[in-house]
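Reviewing the structure listed below.
Since this is a predicted model, take the numbers as computed values, not measurements.
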Amino acid sequence: MYLSTSRAADVSADTPAPKGPLRAVPGTVFALGLVSLVTDVSAEMVTAVLPLYLMAGLGMSPLAFGALDGLHQGATALLRLAGGRISDRTRRHKLVAGTGYALSAVCKAALLAVTTPWSVAAVLAADRTGKGLRTAPRDALISLSVPPGTQGRAFGVHRALDTAGALLGPLAAFGVLWVAVDGYAAVFTVSACVAVLGVVMLALFVREAPAPGAPRACAQPPVRSLLRIAGLRRLCLTAAVLGLFTVGDAFLYLLLQRRLDLSAAYFPLLPVGTAAVFLLAAVPAGRLADRVGRGRVFLGGHAALLGACLLLLAPLPAGALVVVGVPALLGLFYAATDGVLMAAAGPLLPAGLRTTGLAVLQTAQALARFGGSVLFGAAWTVWGPGAALAGAAGGLLLSLSAVSVLGGLRAGGPS
């Protein structure tokens with residue numbers, strides 16, 4: 001069911017293992033982390049300016065932005081599944097992932113040619129299609145490169161490198177907006193160039209060797225066998241329930257910007273604090289998940305998100321507690337949930353369906369977050385941002401309580 005440690009050693013031999021604190025992970029994981037770092041610089045440059053660009057620059061309503069934010073989360077669901085299955089059947093995880101990276105790079109350049117809210121939305125949907133196509137094969141490459149007992153650490157290292165890009169991206173956007181005359185167009189141009197660099201790095205430095213003695217294409221277990229894995233079913237249900245009440249970080253940044261009365265030029269700096277905490281906490285969170293249980297850490301991450309919502313709702317002055325606390329709690333949320341969920345699922349899945357199984361889990365979560373973003377945008381439009389945030393916080397609290405009582409993540413512990 002699982003690849004042996006010798007398989008992990010074979011893959012890691014293709015790429016020299018890093019030195020220092022990252023030496024515990026195979027070179028494949030490190031190389032993929034560097035690709036994600038560069039790609040996230042590109043992606044976060046756009047993400048950092050997108051809320052103000054659409055709502056202040058192009059006049060998009062909160063409801064429409066909620067739909068678009070949900071589109072980021074859930075519109076690629078079917079492609080995630082298709083990409084996962086193709087990757088498993090052909091055993092060409094790198095090729096499928098690379099196609100997704102390349103599509104996103106093209107979309108960054110296409111942002112220069114569109115000027116209406118919904119044409120921008122169409123380009124962003126195509127960009128998310130690329131992300132949906134690449135995410136499961138990339139995570140499968142990570143999962144297949146390490147033994148089950150160190151999945152949390154491997155995903156933590158990858159997410160830490162990925163988040164270094166998320167930290168640098170908003171800073172790069174801030175720098176471009178500071179010096180450029182036509183700021184948004186300049187941000188999109190630089191973002192496209194960086195995205196192309198990420199594709200080149202993937203082609204040059206990430207290698208994928210087939211299992212010793214196995215052909216690239218071979219008989220695969222039927223997809224319906226995934227439905228027999230009780231632990232995967234519980235993970236999907238839990239991720240979906242919590243995802244429905246997960247407030248997107250774009251909305252939290254908009255609420256924080258209003259609370260601080262922050263100018264547009266400084267808006268891209270808000271994600272920096274989140275990325276910094278994510279970067280520092282990703283590896284410790286992964287190692288903690290391996291030791292005490294991935295389900296516990298995953299639920300703890302959602303408790304941190306609930307804390308960020310409550311901090312924005314509290315009648316406090318716009319001081320250091322709010323300015324530092326909201327981004328920090330959001331960073332802890334991502335560190336304790338993003339890679340940890342994949343680490344919980346990986347050991348449950350047979351090697352021949354690893355990518356498909358991860359795609360199923362990602363799709364369940366993405367569809368729930370899509371619905372949650374649309375509902376949040378609608379609530380903002382009808383009742384205002386405060387009521388929308390209060391409703392989301394209440395729903396998240398009830399969901400956490402229900403999952404904890406029912407034990408929805410019993411299978412998420414160390415393998």
Should the ring pair Phe174 and Trp178 be called parallel, tilted or perpendicular, given that the plane angle runs from 0 to 90° and is split at 30 and 60?
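Phe174 and Trp178: tilted rings.
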
Less than 4.5 Å apart, side chain to side chain, heavy atoms only: is that true for [X] and [Y]?
{"X": "Arg138", "Y": "Val35", "answer": "no"}
{"X": "Leu312", "Y": "Leu389", "answer": "yes"}
{"X": "Pro327", "Y": "Phe278", "answer": "no"}
{"X": "Val247", "Y": "Leu255", "answer": "no"}
{"X": "Leu305", "Y": "Leu329", "answer": "no"}
{"X": "Thr274", "Y": "Tyr334", "answer": "yes"}
{"X": "Phe298", "Y": "Leu242", "answer": "yes"}
{"X": "Phe155", "Y": "Ile142", "answer": "yes"}

Quick one: does any side-chain atom of [X] pair with a main-chain N or O of [Y] as donor and acceptor, under 3.5 Å?
{"X": "Asp127", "Y": "Cys107", "result": "no"}
{"X": "Ser42", "Y": "Ser191", "result": "yes"}
{"X": "Arg294", "Y": "Leu341", "result": "no"}
{"X": "Asp290", "Y": "Arg153", "result": "yes"}
{"X": "Lys94", "Y": "Pro137", "result": "no"}
{"X": "Thr150", "Y": "Val146", "result": "no"}
{"X": "Asp40", "Y": "Thr163", "result": "no"}
{"X": "Arg354", "Y": "Leu349", "result": "yes"}
{"X": "Thr355", "Y": "Gly84", "result": "no"}

Kindly indicate, with the supporting measurements, whether the criterion side chain to side chain contact (heavy atoms under 4.5 Å, CB included) is fulfilled by Asp139 and Gln362.
CA-CA 11 Å; Asp139 285 350; Gln362 292 165 0; 3.2 Å; yes

Salt-bridge criterion met for Asp338 and Arg159 (N-O under 4.0 Å):
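Answer for the salt bridge query: yes.
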
Minimum heavy-atom separation for [X] and [Y], please, with both atom names.
{"X": "Leu111", "Y": "Leu124", "answer": "CD2-CD2, 4.3 Å"}
{"X": "Ala154", "Y": "Val29", "answer": "O-CG1, 3.6 Å"}
{"X": "Leu232", "Y": "Gly357", "answer": "CD1-O, 4.2 Å"}
{"X": "Met342", "Y": "Leu358", "answer": "SD-CD2, 3.9 Å"}
{"X": "Ser87", "Y": "His93", "answer": "OG-CD2, 2.8 Å"}
{"X": "Val277", "Y": "Leu332", "answer": "CG1-N, 3.8 Å"}

Rounded distance [0.5 Å steps], [atom1] in [X] versus [atom2] in [Y]:
{"X": "Leu34", "Y": "Leu202", "atom1": "CG", "atom2": "CG", "answer": "11.5 Å"}
{"X": "Gln257", "Y": "Leu260", "atom1": "CD", "atom2": "CG", "answer": "8.0 Å"}
{"X": "Leu396", "Y": "Cys309", "atom1": "CG", "atom2": "SG", "answer": "6.5 Å"}
{"X": "Leu299", "Y": "Ser404", "atom1": "CG", "atom2": "OG", "answer": "5.0 Å"}
{"X": "Tyr101", "Y": "Met201", "atom1": "OH", "atom2": "CE", "answer": "10.5 Å"}
{"X": "Arg233", "Y": "Leu348", "atom1": "CZ", "atom2": "CG", "answer": "11.5 Å"}

Residues which pass ring pair (Phe, Tyr, Trp, His ring centres under 6.0 Å) with Phe333, listed by chain and number, not counting sequence neighbours
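For Phe333, the residues satisfying ring pair (Phe, Tyr, Trp, His ring centres under 6.0 Å) (neighbours in sequence not counted) are His302.
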
Stepwise side chain to side chain contact (heavy atoms under 4.5 Å, CB included) check, Leu256 with Leu252
CA-CA 6 Å; Leu256 187 57; Leu252 291 178; over 6 Å; no

Can you check side chain to side chain contact (heavy atoms under 4.5 Å, CB included) on Leu37 and Asp162, steps first, answer last?
CA-CA 4 Å; Leu37 187 156; Asp162 180 273; over 6 Å; no

Short side-chain donor-acceptor distance under 3.5 Å, Arg134 and Ser104
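Yes, a side-chain donor-acceptor pair sits under 3.5 Å.
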
What I want to check is whether the side chains of Gln151 and Ser143 have a donor and an acceptor closer together than 3.5 Å.
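Result is yes, a qualifying pair exists.
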
Side chain to side chain contact (heavy atoms under 4.5 Å, CB included), that's the test. Do Leu254 and Trp380 meet it? Break it down for me.
CA-CA 12 Å; Leu254 283 171; Trp380 182 323; 4.2 Å; yes

Does Arg287 CZ have over 12 foreign heavy atoms under 6.0 Å away?
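Result for CZ/Arg287: open.
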
